[in-house]
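Let me begin by presenting the structure, written as C-alpha cells, before commenting on it.
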Amino acid sequence: MRELIARNCPVCSSGSEQAVPFLDRKIDESRINEFSYASRKEPEYMCYQLVRCTTCDVIYANETPNHETIGRAYHEAAYNSKTEAQDAAGSYLEALKPHFQTLKDRTGVLEIGTGTGVFLQQLKTCGFSDLVGVEPSRAAIEAAEPEIKPVIKEGLFEKKDFSPKSFSFLCCFMTLEHVSEPKQLMAESHSLLKPGGMMAVVVHDWRAWNNRILGAKAPIIDIEHLQLFSAQSIEELFKRTGFTDVRCASFKNRYSLAYWNRLFPTPAPLKRLIHRLLEALRIDNLHLPMNVGNLMVIGRAPAAEDLT
Ligand SMILES: [Zn+2]
C-alpha cells in the first residue's frame, strides 16, 4: 500500500491545475488491518490526500495504490456485515422497483461488487434470471447463501469475462468509490448492456448535509474511498461514458438502531454505552429509514430505435 501512483481527475481527466485541496492525507499504517478494507466497519477517518476537481465537482485521491494492490486488499479483507448488507439490498430494491417497469426483459443481470449476492437473491424474486455477480472478497463469498454462491465469480470486474450487449440490468452499489478507474468500469459496463438496458449505481453524496456537517469525521472519509461523488460529478461520469436518460435521486436507507449507532461519530466508549442501552431496551434491532446522503443513479444504453 506504500507505493502510490499520481492520477488526474477520475471523472473528467482534468489535471492538478483544476484541483483544490479538500483534506490532507491521514493514514496511520499501524491501524491498517484486515477490517480496513471490509465493508461497514467502524469509521477510522483515515484517507489519502484528497482534492476537489473544480471542473466536475468530484473529490478524489490524487495519489493511489495501483489496481492490483487494491484488488489484493479486498481479496483478503474480512467480512462481518451480513445483516447490514441485507438491509441495504432491501432499500435499493425499493428505490429501483419503479424503474424496472421500463425494462424490455429481465434476462441477464450483472452485479459488480456483489458481496454475499444478497441483492441478486432479491432480484430473483422480481422475475430476473441469468444472474451473475463479481466479488473480490473471498470472505464475503464464503458467507453467501448456498443457492446464490454458484453465480458469484471471485475476482475484480473484467469486461473480457462477459459477452458484449448481453445484460438487461447492471448494478454497482457502494463500489464506485473504491476502484482506481471508475470511468473505465462505467464505459465497460455500458458495452455489456443490451440496447435499452439499464445500469444502476449507488454512491455516497459528499455534498449531502450530514457529510458536510461532519466534515473530516464523516463516515465517507475512509482509506477505501479513492473518490467521492456529488450529484453533478456522478451524472457527469454517466454521460461521459455513453449513458442516456440519466437520473439521480437521493433515497432512504433502512438500518437497525445498532448500525446507526455504529455509523454515528461518537467516541468509542460512548458508542459502546449506547449499544448496551439499546440492547437493554431491546430496540437495537429496530429498523429506521433515514436519508443519509446516498444517491441512486440510473442510466441507459441507447435503445436500438434511438440509434437509427
Ligand atoms: Zn473532474
Side-chain angles (χ1 to χ4, degrees), residues 34-41 67-97 100 103 105-182 184-194 197-203 224 253 296:
E34 57 170 358
F35 282 103
S36 295
Y37 284 83
S39 55
R40 304 183 176 90
K41 61 190 175 191
H67 188 66
E68 285 71 32
T69 311
I70 295 170
R72 213 164 26 229
Y74 286 111
H75 178 66
E76 290 157 8
Y79 186 80
N80 64 336
S81 57
K82 204 165 179 175
T83 321
E84 285 77 28
Q86 218 143 22
D87 290 343
S91 307
Y92 302 157
L93 195 67
E94 282 313 306
L96 279 167
K97 266 182 182 165
F100 288 153
L103 284 175
D105 69 77
R106 299 189 178 195
T107 313
V109 174
L110 170 61
E111 183 178 20
I112 301 170
T114 195
T116 59
V118 62
F119 184 70
L120 290 178
Q121 258 173 306
Q122 299 196 6
L123 280 182
K124 239 177 164 177
T125 64
C126 298
F128 285 90
S129 63
D130 290 349
L131 313 155
V132 56
V134 181
E135 172 58 45
S137 160
R138 184 184 291 166
I141 299 174
E142 270 164 19
E145 295 292 329
E147 59 154 306
I148 206 77
K149 205 182 224 171
V151 306
I152 306 178
K153 217 182 132 318
E154 187 178 318
L156 294 173
F157 165 63
E158 292 206 55
K159 177 179 135 177
K160 65 170 173 50
D161 296 337
F162 308 98
S163 309
K165 301 186 180 180
S166 58
F167 295 102
S168 288
F169 180 58
L170 245 102
C171 55
C172 182
F173 302 137
M174 298 293 186
T175 297
L176 221 45
E177 287 94 345
H178 301 239
V179 300
S180 53
E181 290 173 42
Q184 186 183 337
L185 184 149
M186 291 298 287
E188 293 189 351
S189 297
H190 185 278
S191 75
L192 298 180
L193 278 179
K194 296 177 191 174
M198 185 169 95
M199 169 127 192
V201 158
V202 171
V203 290
E224 290 182 85
N253 266 97
M296 172 70 78

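- Distance check, rounded to the nearest 0.5 Å: CG of Leu110 to OG of Ser189 gives 7.0 Å.
- Of all heavy-atom pairs between Arg106 and Gly127, the closest is CB-O, 3.7 Å.
- Residues Lys124 and Leu131 meet the side-chain proximity criterion, which asks for heavy atoms closer than 4.5 Å.
- A heavy-atom distance below 4.5 Å is not found between the side chains of Thr114 and Phe119.
- Under a 3.5 Å cut-off, the side chain of Ser191 and the backbone N or O of Pro164 do not form any donor-acceptor pair.
- When all heavy atoms are compared, the tightest approach of Lys153 to Phe162 is CD-CZ, 4.4 Å.
- When every heavy atom of Ala85 is checked against every heavy atom of Val118, the shortest pair comes out as O-CG1, 3.7 Å.
- With contacts defined as side-chain heavy-atom distances shorter than 4.5 Å, the pair Leu193/Met198 does not qualify.
- With rounding to the nearest 0.5 Å, the separation of CG in Asp105 from OG in Ser129 is 8.0 Å.
- The distance from the CG atom of Leu156 to the OG atom of Ser180 is 9.0 Å, given to the nearest 0.5 Å.
- Here the CD atom belonging to Glu158 is positioned 5.5 Å from the CG atom belonging to Asp161, to the nearest 0.5 angstrom.
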### Query
Does the pair Leu176 and Met186 meet the rule for a side chain to side chain contact (heavy atoms under 4.5 Å, CB included), with working shown?
CA-CA 9 Å; Leu176 221 45; Met186 291 298 287; 4.1 Å; yes
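- In this structure, Glu111 and Leu123 have side chains that are not in contact, with every pair of non-hydrogen atoms separated by 4.5 Å or more.
- To the nearest 0.5 Å, atoms CD (Glu154) and CD (Glu142) are separated by 8.0 Å.
- Residues Met296 and Ala200 share a closest heavy-atom pair of SD-CB, 4.3 Å.
- Looking at every heavy atom in both residues, Glu135 comes nearest to Gly115 through OE1-N, 2.7 Å.
- No side-chain heavy atom of Glu224 sits under 4.5 Å from any side-chain heavy atom of Glu177.
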### Message
side chain to side chain contact (heavy atoms under 4.5 Å, CB included) for Leu103 and Phe128? Distances and angles first, verdict last.
### Response
CA-CA 11 Å; Leu103 284 175; Phe128 285 90; 3.8 Å; yes
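- Between Asn253 and Asp87, every side-chain heavy-atom pair lies at or beyond the 4.5 Å cut-off.
- No more than 12 heavy atoms of other residues, nucleotides or ligands shown are found within 6.0 angstrom of NZ on Lys159.
- Note: Leu170 CG to Glu188 CD = 11.5 Å, rounded to the nearest 0.5 Å.
- Here the closest non-hydrogen pair linking Ala143 and Thr116 is CB-CG2, 4.0 Å.
- Between Tyr92 and Phe173, the angle of the ring planes lies from 30° to 60°, which puts this pair in the tilted group.
- Considering only residues two or more places apart in sequence or on other chains, His190 meets the ring-ring contact (aromatic ring centres under 6.0 Å, His included) condition with Phe243.
- In this structure the side chain of Cys126 reaches within 4.5 angstrom of the side chain of Lys97, judged on heavy atoms.
- Between Phe157 and Thr175, the closest side-chain pair of non-hydrogen atoms is not below 4.5 Å.
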